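These notes concern the structure reproduced below.
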Amino acid sequence: MKVLVAVGSKYGSTREIAQAIGAEIRSIGFDVDVEDACGVLSVEAYDAVIVGSAVYGALWRRDASALVRQHAEALRVRDVWLFSTGIRELKEPGYATSESEQLASLANAQEHVTFAGAIDYDRLNVGERAVMHVINPPLGDHRDFAAVRDWAHGIGVTLLYLALA
Ligand SMILES: Cc1cc2nc3c(=O)[nH]c(=O)nc-3n(C[C@H](O)[C@H](O)[C@H](O)COP(=O)(O)O)c2cc1C
C-alpha cells in the first residue's frame, strides 16, 4: 500500500509535521512519500493520501487547497485524511476553518484535525509582523509532536486493517 503525505507550508513548521506523520506511518511498514503540495501532479499512484496545510488568514496555503480541489474526484475513491496547522488551535482546541471543513467534505476525508503550529517572529515579513501586532497570537513553537505521532499511528493502524481486510 502506497501512502502520500502532501503539505502546504510557508516557513517549514507544517512540513516538519508532515515529515513526522510520514515517518510514523513508514515505521508501521508502509511505503510513504512526503511531498510539497505544489510538486504533486497526480495522486493516482497512491492508495491513501494525507493532505495538510498551514493556516494563514483562516485559509489553507494555495498549493494544498488546489491539490484537494483539483484532485477531488481521485481523492474521493481513496482513503484520505486532512490536517491543518494553526495558532488558533491554542485558544480554541478543535478549531477548524470553514475552508478546511469544505475541503474535507470535497475529498470525502475520514477526518480533519488541527495541530498547534509555530510562529518565528524574526522570520516574518513586515506585513506579517503588522498582523501579529494586531492579533497578538502566542509566538514560538507550540507543536506537539507526540500528538502528531499518535494521530499518524491511528492512520497507520487503520491502513493495516484495510490492507488485511
Ligand atoms: C501572518 C500570519 C497569519 C496567520 N493566520 C492564522 C490563522 O488565521 N489561523 C491560525 O490558526 N493560525 C494562523 N497563523 C499561524 C500559522 O498557521 C502557524 O504559524 C503555522 O505553524 C505556520 O506554518 P508554516 O511554518 O508551515 O508556514 C498565522 C501566522 C502568520 C504568520
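When a ligand or atom number is given, it counts from 1 through the structure's own listing order. We're numbering straight along the sequence, starting at 1. Since the model is a prediction, treat every value here as computed from it, not as a measurement.
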Report the distance from atom CG of Asp31 to atom NZ of Lys2, rounding to the nearest 0.5 Å.
4.0 Å

In terms of atom number and element, which parts of ligand 1 are under 4.0 angstrom from non-hydrogen atoms of Gly117?
21 (O)

Atom 28 (C) of ligand 1 sits nearest the protein heavy atom Val55 O, 3.7 Å

Numbering as shown, the atoms of ligand 1 that approach Ala54 to under 4.0 Å (heavy-atom distance)
22 (C), 23 (O), 24 (P), 26 (O), 27 (O)

Is there a nitrogen or oxygen of Arg15 sitting under 3.5 Å from a nitrogen or oxygen of ligand 1?
no

Could you tell me whether Glu92 atom CD has more than 12 heavy atoms of other residues or ligands within 6.0 Å of it?
yes

Below 4.0 angstrom from a heavy atom of Ser13, which ligand 1 atoms are there? Numbered from 1 as shown, please.
20 (C), 21 (O), 22 (C), 23 (O), 24 (P), 25 (O), 26 (O)

Which atoms of ligand 1 have any heavy atom of Thr14 under 4.0 Å away?
23 (O), 24 (P), 26 (O)

Contact between ligand 1 and Met132 is defined here as a heavy atom of the residue under 4.0 Å from a ligand atom; is it met?
yes

Do Arg129 and Tyr121 form a cation-pi contact, if we require the NZ or CZ to be under 6.0 Å from the six-membered ring centre and within 45 degrees of the ring's axis?
yes

I want to check something: taking the side chain as every heavy atom from C-beta on, are Asp120 and Tyr11 in contact at a cut-off of under 4.5 Å?
no

Under 4.0 Å from a heavy atom of Lys10: which atoms of ligand 1 are those, numbered in the order shown and with their elements?
24 (P), 26 (O), 27 (O)

Has the side chain of Asp36 got a donor or acceptor atom that lies under 3.5 Å from a matching backbone atom of Gly39?
no

Between the side chains of Ser84 and His112, is a donor N or O closer than 3.5 angstrom to an acceptor N or O?
yes

Measuring from atom NZ of Lys10 to atom CZ of Arg15, what distance do you get when rounded to the nearest 0.5 angstrom?
12.5 Å

of all protein heavy atoms, closest to atom 10 (C) of ligand 1 is Ile87 N, 3.4 Å

Side chains of Leu103 and Leu82, heavy atoms from C-beta outward: is any pair under 4.5 Å?
yes

Can you list the atoms of ligand 1 that are under 4.0 Å from a heavy atom of Ala58?
7 (C), 8 (O)

Verify, without hydrogens or angle tests, whether Thr158 (side chain) and Gly154 (backbone) share a donor-acceptor contact under 3.5 angstrom.
yes

In terms of atom number and element, which parts of ligand 1 are under 4.0 angstrom from non-hydrogen atoms of Glu128?
1 (C)

With a heavy-atom distance limit of 4.0 Å, tell me whether Ala118 approaches ligand 1 through its side chain, its backbone, both, or neither.
backbone

Protein contact of atom 5 (N) of ligand 1 - nearest heavy atom, named by residue and atom, plus distance:
Gly57 N, 3.0 Å

Heavy-atom nearest pair, Trp151 first then Glu111, reads NE1-OE1, 3.0 Å

Nearest non-hydrogen protein atom, atom 26 (O) of ligand 1
Ser9 OG, 2.6 Å

Ligand 1 versus Arg61, non-hydrogen atoms closer than 4.0 Å: side chain, backbone, both, neither?
neither

Shortest non-hydrogen separation from Glu89 to Ala116 and the atoms involved
CG-N, 3.8 Å

Protein heavy atom at shortest distance from atom 29 (C) of ligand 1
Tyr56 CE2, 3.8 Å

Give the atom numbers and elements of ligand 1 that come within less than 4.0 Å of a heavy atom of Leu124.
31 (C)

